[in-house]
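In what follows, a structure is listed as C-alpha cells, so that the remarks can point back to it.
Just so you know, residue 1 is the first one in the sequence shown, and it goes up from there.
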Amino acid sequence: MLTRKQHELICFIADRLAETGVSPSFEEMKEALDLKSKSGVHRLISALEEREFIRRLPNRARALEVLRIPERGDAKKGPAKTRAIEPSTSSTSQKPALPSPANDVVEIPLHGRIAAGTPIEALEGATMLPVPAALLGSGEHYALEVAGDSMVEAGILDGDYALIRRTEVARDGEIVVALIDDAEATLKYFRKEGAMIRLDPANRDYSAQRYRPNQVRVQGRLAGLLRRY
C-alpha cells in the first residue's frame with residue numbers, strides 16, 4: 001500500500017519520463033509534491049525503491065527507472081492497484097511501454113593527471129567525475145586531467161579533463177592515451193612511422209616522440225573534453 005505522497009511521486013516520475021525521457025530533479029519533485037525539503041523526497045524515493053516501484057541506475061545522476069506504477073485514482077480510498085511495466089509483446093498489446101531514461105549526467109572514473117608534454121606517471125584514483133552524457137558515445141570511458149601545453153593547437157589546454165574511451169587499438173591521426181614502457185602515460189596524436197610508433201604533439205615547440213611498438217600500449221582514444229571556468 002502506498003501513501004498519498006508516494007502515489008503522487010511515482011506518478012509524477014512516470015509522467016516526466018514518458019514526456020521527456022529524463023528523470024525529474026529532486027528540486028522539481030519537492031516543488032511538485034509541495035514538500036518543505038529535499039530530505040522528504042529522499043525518504044519517498046527510498047520507500048518506493050524498497051517496495052520495488054522504482055530503481056536507481058548506478059553511476060548516474062538523476063537516474064530513476066520506473067518498474068511498476070499504481071492505477072491512477074485517489075490514493076486515500078484504499079490500497080492502490082499496481083501494474084508492472086513490461087515491454088509490448090505484440091502490436092495489439094495494451095500494456096504501457098517502459099520509458100527509456102535518457103539521463104543527462106554520467107559519472108566516470110577520474111584517473112589522475114596525464115601529461116600533454118613530457119610523459120608523466122599515470123596516476124590511478126577512485127574519484128568520479130560527472131560528465132554530460134551527450135559528450136560520450138558507446139563503450140566504457142574514463143577521464144584524465146590534462147597537465148601541460150603540448151596539445152594546445154588541438155584545443156586541449158592545461159587543466160582540461162580528457163574524456164577517454166577505453167580501447168587498445170588506434171588509427172593514424174587519432175589522439176590517444178599511450179602508456180610508455182608500462183609506466184608513464186601521455187596524450188598525443190598516434191602515428192605509425194615504418195617500424196616505429198610516433199607520438200606527435202600539437203604544439204610546434206615540442207618534438208615528436210618515437211618508440212618501438214613493444215614500448216607503447218594504447219589505453220584509449222579521446223572522446224571529448226570537459227573544461228571548467
Side-chain angles (χ1 to χ4, degrees), residues 1-111 125-143 161 163 165-166 223-224 226-229:
M1 177 178 177
L2 295 182
T3 66
R4 183 172 62 85
K5 286 296 185 184
Q6 290 169 356
H7 184 281
E8 290 178 0
L9 181 59
I10 187 67
C11 290
F12 177 67
I13 294 171
D15 289 345
R16 179 61 65 87
L17 283 170
E19 179 182 354
T20 68
V22 179
S23 303
S25 67
F26 275 65
E27 181 65 28
E28 291 170 330
M29 288 186 264
K30 179 177 76 73
E31 293 180 358
L33 273 66
D34 196 26
L35 298 174
K36 293 182 179 180
S37 69
K38 294 180 184 178
S39 62
V41 176
H42 282 280
R43 287 194 294 269
L44 292 172
I45 290 290
S46 296
L48 289 171
E49 192 173 22
E50 289 175 2
R51 290 164 173 78
E52 298 184 343
F53 278 87
I54 63 173
R55 74 181 180 98
R56 307 184 208 214
L57 301 180
N59 297 328
R60 293 175 180 266
R62 289 180 58 182
L64 298 174
E65 182 179 14
V66 175
L67 302 176
R68 57 196 179 110
I69 58 176
E71 296 290 343
R72 305 288 174 149
D74 188 350
K76 293 185 293 184
K77 291 181 179 178
K81 296 180 180 179
T82 64
R83 64 179 186 274
I85 301 179
E86 301 177 2
S88 176
T89 56
S90 70
S91 59
T92 58
S93 174
Q94 299 300 311
K95 294 178 180 178
L98 175 64
S100 177
N103 303 288
D104 54 348
V105 176
V106 180
E107 290 188 341
I108 61 176
L110 174 60
H111 292 315
T127 304
M128 302 298 287
L129 180 70
V131 176
L135 295 180
L136 305 175
S138 60
E140 184 181 357
H141 294 78
Y142 62 94
Y161 292 98
L163 311 179
R165 179 182 178 182
R166 290 189 185 273
L226 189 64
R227 181 170 301 156
R228 290 179 176 174
Y229 296 93

Item to complete: Please step through side chain to side chain contact (heavy atoms under 4.5 Å, CB included) for the pair F53 and L2, ending with a clear verdict.
Response: CA-CA 10 Å; F53 278 87; L2 295 182; 3.6 Å; yes
Discussion item. I'd like to know if the side chain of K30 and the backbone of V41 have a donor-acceptor N/O pair within less than 3.5 Å.
Written reply: no
Worksheet item: How long is the gap from CD1 on I45 to CE on M29, to the nearest 0.5 Å?
Response: 4.5 Å
Worksheet entry | Backbone N/O of Y142 and side chain of R166: donor-acceptor pair under 3.5 Å | no
Worksheet, complete the sentence: Heavy atoms of H141 and P109 approach each other most closely as O-CD, 3.6 Å
Discussion item. Quick check for you: to the nearest 0.5 Å, what is the distance between I54 atom CD1 and L17 atom CG?
Written reply: 10.0 Å
Item to complete: Supply the atom-to-atom distance I13 CD1 to E28 CD, rounded to the nearest 0.5 angstrom.
Response: 11.0 Å
Worksheet item: Would you say the side-chain atoms of R16 pair up with the backbone N or O of F12, donor to acceptor, closer than 3.5 Å?
Response: no
Worksheet item: Once you round to the nearest 0.5 Å, how far does CD of E52 lie from CG of L67?
Response: 7.5 Å
Worksheet item: If you take all heavy atoms of A143 and L163, which pair is closest and at what distance?
Response: CB-CD2, 4.1 Å
Worksheet, complete the sentence: Closest non-hydrogen contact found for R68 with R51 is NH2-O, 2.7 Å
Worksheet entry | Straight-line distance of K5 NZ to L48 CG, nearest 0.5 Å | 13.0 Å
Worksheet item: To the nearest 0.5 Å, what is the distance between NE2 (H111) and CG (L129)?
Response: 11.5 Å
